[in-house]
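Below is one structure; the comments refer to it alone.
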Amino acid sequence: QVQLVESGGGLVQAGGTLRLSCRTSGFRLDYYAIGWFRQAPGKEAEGVSCTTSSDDPDDGAMKWYAESVKGRFTITRDNAANSVYLDMTGLKSDDSGLYYCARGVRCMQKHGLLGKDYWGKGTPVTVSP
């Protein structure tokens with residue numbers, strides 16, 4: 001069955017770095033766009049980043065980032081390893097929350113991940129001041 005499992009969250013000081021991993025199974029990763037989302041306590045979930053199914057620039061590959069994380073977060077994918085990663089640097093307290101990855105149909109500029117159908121349970125990130 002389709003599964004997405006996040007890992008890599010934890011407690012980090014402001015200014016620190018973390019690498020989140022999204023390990024997928026049950027489907028061909030290179031057929032789907034993948035996105036990262038986060039939800040802070042008492043707030044709605046928000047899109048953080050997404051990547052198209054291909055990682056080849058000559059094949060129309062693109063990545064989208066929320067304005068709040070541009071220049072600090074980087075999304076990458078390794079289709080052979082069935083994994084997508086989110087490298088987070090310059091972390092701020094506002095970045096705290098439950099981070100989860102989701103499978104979608106398309107990743108588009110301005111719109112993020114479209115057509116989400118499966119997502120993981122999330123990994124918590126806490127950034128201390």
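Only a predicted model underlies this, so the values are computations on that prediction, with no experimental measurement involved. Computed over heavy atoms, backbone and side chain alike; hydrogens, waters and symmetry mates excluded.
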Taking [Y]'s backbone N and O only, do any of them form a donor-acceptor pair with [X]'s side chain (distance below 3.5 Å, no angle check)?
| X | Y | answer |
| --- | --- | --- |
| Thr24 | Asn82 | yes |
| Glu6 | Lys121 | yes |
| Thr123 | Gly9 | yes |

Side chain to side chain contact (heavy atoms under 4.5 Å, CB included) evaluation trace for Tyr118 with Gln3: CA-CA 8 Å; Tyr118 287 91; Gln3 286 190 315; over 6 Å; no
Side-chain contact, heavy-atom cut-off 4.5 Å: His111 with Trp64?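 No, every pair of side-chain atoms sits at 4.5 Å or beyond.
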Are Glu46 and Gln39 close enough that some pair of their side-chain heavy atoms sits under 4.5 Å apart? no
Can you list the steps and then say if Leu114 with Val105 is a side chain to side chain contact (heavy atoms under 4.5 Å, CB included)? CA-CA 6 Å; Leu114 302 179; Val105 175; 5.7 Å; no
Does a side chain donor of either Arg38 or Tyr99 reach within less than 3.5 Å of an acceptor in the other side chain? yes
Apply the test salt bridge (Lys or Arg N to Asp or Glu O under 4.0 Å) to residues Arg72 and Asp95: give CA-CA distance (whole Å), side-chain angles for both, the deciding distance (0.1 Å), then the verdict. CA-CA 11 Å; Arg72 299 188 297 121; Asp95 294 319; 2.7 Å; yes
Sole residue of Thr74, Thr51, Asp78 in side-chain contact (heavy atoms from CB on, under 4.5 Å) with Tyr85: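 One option only clears the test, and that one is Asp78.
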Between Lys92 and Asp94, is the closest basic N to carboxylate O distance under 4.0 Å?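 Here Asp94 does not pair with Lys92 in a salt bridge, since their nearest N and O are not under 4.0 Å apart.
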Which heavy-atom pair separates [X] from [Y] by the least distance, and what is that distance?
| X | Y | answer |
| --- | --- | --- |
| Pro129 | Ala14 | C-CB, 4.2 Å |
| Val48 | Phe73 | CG1-CD2, 3.6 Å |
| Gly120 | Tyr100 | O-CB, 4.0 Å |
| Trp36 | Cys22 | CZ2-CB, 3.6 Å |
| Leu98 | Gly122 | CD1-C, 3.7 Å |
| Ala33 | Cys107 | CB-N, 3.8 Å |

Quick one: pull up [atom1] in [X] and [atom2] in [Y] and give me the separation to the nearest 0.5 Å.
| X | Y | atom1 | atom2 | value |
| --- | --- | --- | --- | --- |
| Arg103 | Ser53 | CZ | OG | 12.0 Å |
| Tyr31 | Asn79 | OH | CG | 11.5 Å |
| Lys70 | Lys63 | NZ | NZ | 14.0 Å |
| Cys50 | Leu113 | SG | CG | 5.5 Å |
| Ser83 | Arg77 | OG | CZ | 10.5 Å |

Could you check whether atom CZ of Phe27 has more than 12 heavy atoms from other residues, nucleotides or ligands sitting under 6.0 Å from it?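 Above 12, so yes.
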Has Gln13 got more than 12 heavy atoms of other residues, nucleotides or ligands less than 6.0 Å from its CD? no
Hey, mind stepping through Leu29 and Val84 against side chain to side chain contact (heavy atoms under 4.5 Å, CB included) and telling me if it holds? CA-CA 9 Å; Leu29 182 59; Val84 178; 4.2 Å; yes
Step-by-step side chain to side chain contact (heavy atoms under 4.5 Å, CB included) determination, Leu18 to Leu91: CA-CA 8 Å; Leu18 279 175; Leu91 284 163; 4.2 Å; yes
Please determine whether residues [X] and [Y] belong to a single hydrophobic cluster, defined as Ile, Leu, Val, Met, Phe, Trp and Tyr linked transitively by side-chain heavy-atom distances below 4.5 Å.
| X | Y | answer |
| --- | --- | --- |
| Leu4 | Leu86 | yes |
| Phe37 | Tyr65 | no |
| Leu20 | Tyr32 | yes |

